[in-house]
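Worksheet for the structure shown next.
Model, not experiment: these values are computed from the prediction.
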Amino acid sequence: MDTYLQTERLDLRHFTAADAELLIELDSDPAVMRYLSGGAATPPEVIREQHLPRILAGYEKWDGRLGLFAAHERDGGSFIGWFILRPAQDGPLDEAELGYRLRQASWGRGYATEGSRALLRKAFTQLGIRMVWADTMAVNHGSRHVMEKLGMTFTSTLPVEEDERNVEGFERGGVRYEITEEGWKQQQ
């Protein structure tokens with residue numbers, strides 16, 4: 001395994017073409033998909049034919065420095081989900097989205113905070129990122145709590161996308177949190 005980033009308990013690596021089943025299993029759990037699609041699974045063919053090729057193309061586009069990263073427990077190697085650190089589709093390279101999607105068995109163990117903290121450190125000390133943002137549904141209190149623990153600040157509400165209208169509480173919309181390099185440094 002080619003490690004992109006290592007924390008005390010996690011190894012993050014690039015996905016490969018052989019990882020479709022990991023993504024299919026993750027996106028088939030209704031609890032994992034609750035705040036994304038209202039619990040509906042992502043069809044396997046969408047993952048194989050659209051999502052995974054887009055993930056792999058992102059490594060090419062950003063020289064492997066940014067993208068979506070498979071997360072495994074260092075102790076035992078179990079796949080726990082993924083983390084993301086990448087710019088918007090046509091956005092500036094010094095602004096990046098931070099996010100994660102974890103298997104239900106990995107919830108409540110501090111992995112979201114641990115992996116996200118390590119990605120923020122890498123973003124601001126090695127990758128030349130000046131601002132990181134994260135979005136979630138307003139009703140996703142768990143993810144909002146992680147963002148706040150990271151020192152991110154609520155900046156705005158967001159309209160929901162059409163595919164998010166199946167999410168319970170969609171009428172409350174989405175939320176965006178941000179942290180700048182300067183703000184991150186002040187917290188260290």
Return yes if some donor-acceptor pair links the side-chain N/O of Ser28 with the main-chain N/O of Ala41 below 3.5 Å, else return no.
no
What residue among Phe69, Phe15, Trp82, Phe83 forms ring pair (Phe, Tyr, Trp, His ring centres under 6.0 Å) with Tyr4?
Phe69
Closest contact, heavy atoms only, Leu26 versus Leu102
CD1-C, 3.7 Å
Audit row: Arg176, Asp135, side chain to side chain contact (heavy atoms under 4.5 Å, CB included) steps and yes/no
CA-CA 4 Å; Arg176 181 178 177 123; Asp135 299 338; 3.2 Å; yes
Where do Trp62 and Leu93 land on the side chain to side chain contact (heavy atoms under 4.5 Å, CB included) test, with the steps shown first?
CA-CA 9 Å; Trp62 299 302; Leu93 294 178; 3.7 Å; yes
Heavy-atom side-chain contact between Ile55 and Leu23 under 4.5 Å:
yes
Could you go step by step and tell me if Val46 and Asp27 meet the side chain to side chain contact (heavy atoms under 4.5 Å, CB included) rule?
CA-CA 11 Å; Val46 170; Asp27 278 18; over 6 Å; no
For a 4.5 angstrom cut-off between non-hydrogen side-chain atoms, does Asp75 reach Arg9?
no
Measure across Pro87 and Pro92 and return the closest heavy-atom pair with its distance rounded to 0.1 Å.
CB-O, 3.6 Å
Between Leu150 and Val132, is there a side-chain heavy-atom distance shorter than 4.5 Å?
no
If we only count heavy atoms from C-beta on, is the Arg74 to Asp11 side-chain gap below 4.5 Å?
yes
Step by step, would you call Met33 with Leu36 a side chain to side chain contact (heavy atoms under 4.5 Å, CB included)?
CA-CA 5 Å; Met33 301 303 288; Leu36 301 164; 4.0 Å; yes
Quick test of your reading of the model: are Glu95 and Arg130 salt-bridged, counting only N-O distances below 4.0 Å?
yes
Are Val32 and Leu22 grouped together when hydrophobic residues (ILVMFWY) are joined by side-chain heavy atoms under 4.5 angstrom apart?
yes
Do the side chains of Gln188 and Thr125 get nearer than 4.5 Å, heavy atoms only?
no
Using the rule that Ile, Leu, Val, Met, Phe, Trp and Tyr join whenever any side-chain heavy atoms are under 4.5 Å apart, tell me whether Trp107 and Met137 fall into a single cluster.
no
Any side-chain heavy atom of Leu98 sitting closer than 4.5 Å to one from Met152?
yes
CD1-OG1 distance between Ile129 and Thr180, expressed to the nearest 0.5 angstrom:
13.0 Å
Closest approach of Gly151 to Ile179 (non-hydrogen atoms, all atoms of both residues)
O-CD1, 3.7 Å
Under 3.5 Å donor-acceptor, Arg165 side chain and Phe170 backbone
no
With the side chain counted from C-beta on, respond yes when Met147 and Phe154 share a heavy-atom pair under 4.5 Å apart, and no when they do not.
no
Taking His14 for its side chain and Gly64 for its backbone only, find out whether a donor-acceptor pair lies under 3.5 Å.
yes
With rounding to the nearest 0.5 Å, note down the distance linking CZ in Arg117 to CH2 in Trp184.
11.5 Å
Check: Val160 and Val167 side chains under 4.5 Å, non-hydrogen atoms
no
Determine the minimum heavy-atom distance between Ala138 and Arg172, stating which atoms define it.
CB-O, 3.7 Å
Atom of Tyr100, atom of Ser143 and distance for their closest heavy-atom approach
OH-OG, 3.1 Å
Starting from the C-alpha separation in whole Å, work towards a yes-or-no answer on side-chain hydrogen bond (donor to acceptor under 3.5 Å, both in side chains) for Gln126 and Arg65.
CA-CA 10 Å; Gln126 298 175 25; Arg65 296 165 35 96; over 6 Å; no
Could you report the tightest heavy-atom contact between Asp94 and Gly128, atom names first, then the distance?
CB-O, 3.6 Å
Atom pair CD1 (Ile47) and CG (Leu52), whose distance is rounded to the nearest 0.5 Å:
9.0 Å
Under 4.0 Å between a Lys/Arg side-chain N and an Asp/Glu carboxylate O for Glu25 and Arg103?
yes
